[in-house]
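Bear in mind that the values here come from a model prediction, so they are computed numbers and not experimental data. For the numbers below, each heavy atom of this structure counts, side chains included, while hydrogens, waters and symmetry mates do not. Per chain, numbering begins at 1; letters A, B, ... match sequence-line order.
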There are 2 protein chains.
Amino acid sequence: MIEFLSVTKALSDESRARLLMALAGGELCVCQLVELVGLAPSTVSKHMLILKQARLVEGRKCGRWIFYRLAKRNVPQISLSAQKWIGKSLRDDPTILRDRSRRAKILELDAEELCRKQSRRTVRKLPSTTGERPRQSDSLN
Amino acid sequence: MIEFLSVTKALSDESRARLLMALAGGELCVCQLVELVGLAPSTVSKHMLILKQARLVEGRKCGRWIFYRLAKRNVPQISLSAQKWIGKSLRDDPTILRDRSRRAKILELDAEELCRKQSRRTVRKLPSTTGERPRQSDSLN
DNA sequence: CTATTATTCCGTTATATGGCGAAATATAAA
DNA sequence: TTTATATTTCGCCATATAACGGAATAATAG
């Protein structure tokens, strides 16, 4: 019951639903999520903690960045089924569709920024673009 | 999105989850639900309104009683899938299992005794168990 | 080392929510 | 009619929550 309520409470906020759906397209770092929903970083951070505690997302630390993505490993059944349910329920939601195109634009902006920084060399500086670029499209539907 | 949040908010409270799961076994009137969760009638009534607005349950008026049951007709897809999801998720939950046996005992009780227990006032006769007795077992799994 | 940057943690504030009891409503019985 | 009663609505209170700004933390840059 506690797990169930943790999940439903996590899902019962519009910002968190949008954040979760954004990750369905692939992992994003906090600053990208902040850009997407237009809330203060501290607010987004707290939302991500709630989603993480519900085992709906997981974080991957990479240098100064933390990339969040849909939880995949060692995930309780209830969180998995919740991921599927919200994915199916909000797939065609207007707000989510709008976020999806905003998300694409954010990724473009970030790509330019990352490339500019990368011209200064060093692999460590750019964790995501060098080596493995964060996978997109994580499925949630 | 509004519908989605209406449903998830409705599901994100333990009392409401218990009330909804209780109806999976068949319709119940408010006084029976009050007995089950041990909250004030006004509180249960408010919970049922929230569940009704989420289109998860529907009410059937029968004399002075109102029987609630899982919503079945003209129900939005999201509410239907939510019914299935919560049913699957909480089917074996300890609290829900305990409620299930409590529910059975409540059904055994005479309606007269049950209502007297709640009103705590004068002993009274009861408006008959005449007519139709509510159907049991509504499925939610 | 210090400075900068991304994120999280802390404290505060405004609003939302869950709970109750009393009053209102609607229906059945006397 | 009047009385009884099952349920809802209203008013209130205590707690929970979402939002922010700023301090603290962690990692890189100079």
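The side chain to side chain donor-acceptor pair (under 3.5 Å) check on A/Asp99 picks up A/Arg18, with sequence neighbours excluded. Not counting sequence neighbours, A/Tyr68 has no partner by the ring-ring contact (aromatic ring centres under 6.0 Å, His included) test.
Chaining together hydrophobic side chains whose heavy atoms lie under 4.5 Å apart leaves B/Ile2 on its own. Applying the 4.5 Å side-chain rule to ILVMFWY residues, one finds A/Val75 in the same cluster as A/Leu80.
Within the structure, a side-chain polar atom (N or O) of A/Tyr68 is placed less than 4.0 Å from OP1 or OP2 of C/dT8. Distances shorter than 4.0 Å separate none of the side-chain N or O atoms of A/Lys61 from OP1 or OP2 on D/dA26.
Residue pairs that meet the ring pair (Phe, Tyr, Trp, His ring centres under 6.0 Å) test with at least one member in residues 3-36 of chain B, sequence neighbours left out, are A/Trp85-B/Phe4. Listed by first and then second residue, the salt bridge (Lys or Arg N to Asp or Glu O under 4.0 Å) pairs involving residues 2-15 of chain B amount to none (not counting sequence neighbours). Screening residues 33-58 of chain A for side-chain hydrogen bond (donor to acceptor under 3.5 Å, both in side chains), with sequence neighbours left out, gives A/Arg16-A/His47, A/Glu58-A/Arg69.
Atom CD of B/Glu14 is separated from atom C1' of C/dG19 by 14 Å (rounded to the nearest Å). Atom CG of B/Leu19 is separated from atom P of D/dT7 by 13 Å (rounded to the nearest Å). Summarising the geometry, the separation between CZ on B/Arg18 and P on C/dG19 is reported as 10 Å, rounded to the nearest angstrom. B/Leu51 places its CG atom 12 Å from the P atom of D/dT8, with the value rounded to the nearest Å. Rounded to an integer number of Å, the gap from CG of A/Leu33 to P of C/dA6 is 14 Å. For the pair A/Arg60 CZ and C/dA6 P, the computed distance is 17 Å after rounding to whole Å. Regarding A/Arg64, its CZ atom lies at a distance of 12 Å from the C1' atom of D/dG30, rounded to whole Å.
Helix bend of the helix from C/dC1-D/dG30 to C/dA30-D/dT1: the angle between its two end axes, each built from five pairs, comes to 10° after rounding to 10°.
Placement of B/Met1 and A/Leu23 within a single hydrophobic cluster is found when ILVMFWY residues are connected by side-chain heavy-atom separations under 4.5 Å, directly or transitively.
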Atom pairs, protein N/O to nucleotides 16-20 of chain D N/O, distance under 3.5 Å:
{"residue": "D/dA18", "atom": "OP1", "partner": "A/Arg16", "partner atom": "NH1", "Å": "3.3"}
{"residue": "D/dA18", "atom": "OP1", "partner": "A/Arg16", "partner atom": "NH2", "Å": "2.7"}
{"residue": "D/dA18", "atom": "OP2", "partner": "A/Arg16", "partner atom": "NH1", "Å": "3.4"}
{"residue": "D/dA19", "atom": "OP2", "partner": "A/His47", "partner atom": "NE2", "Å": "2.4"}
{"residue": "D/dA19", "atom": "N6", "partner": "A/Lys46", "partner atom": "NZ", "Å": "3.2"}
{"residue": "D/dC20", "atom": "OP2", "partner": "A/Ala40", "partner atom": "N", "Å": "3.0"}
{"residue": "D/dC20", "atom": "OP2", "partner": "A/Thr43", "partner atom": "OG1", "Å": "2.8"}

Requested in this report: For side-chain contact (heavy atoms from CB on, under 4.5 Å), just list the numbers for B/Leu36 and B/Ile106, CA-CA rounded to whole Å, side-chain angles, deciding distance to a tenth of an Å, and then say yes or no.
Outcome: CA-CA 8 Å; B/Leu36 184 77; B/Ile106 288 170; 3.9 Å; yes
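Distance from the side chain of B/Trp65 is smallest for D/dA6 among the nucleotides D/dA6, D/dT8, C/dT7.
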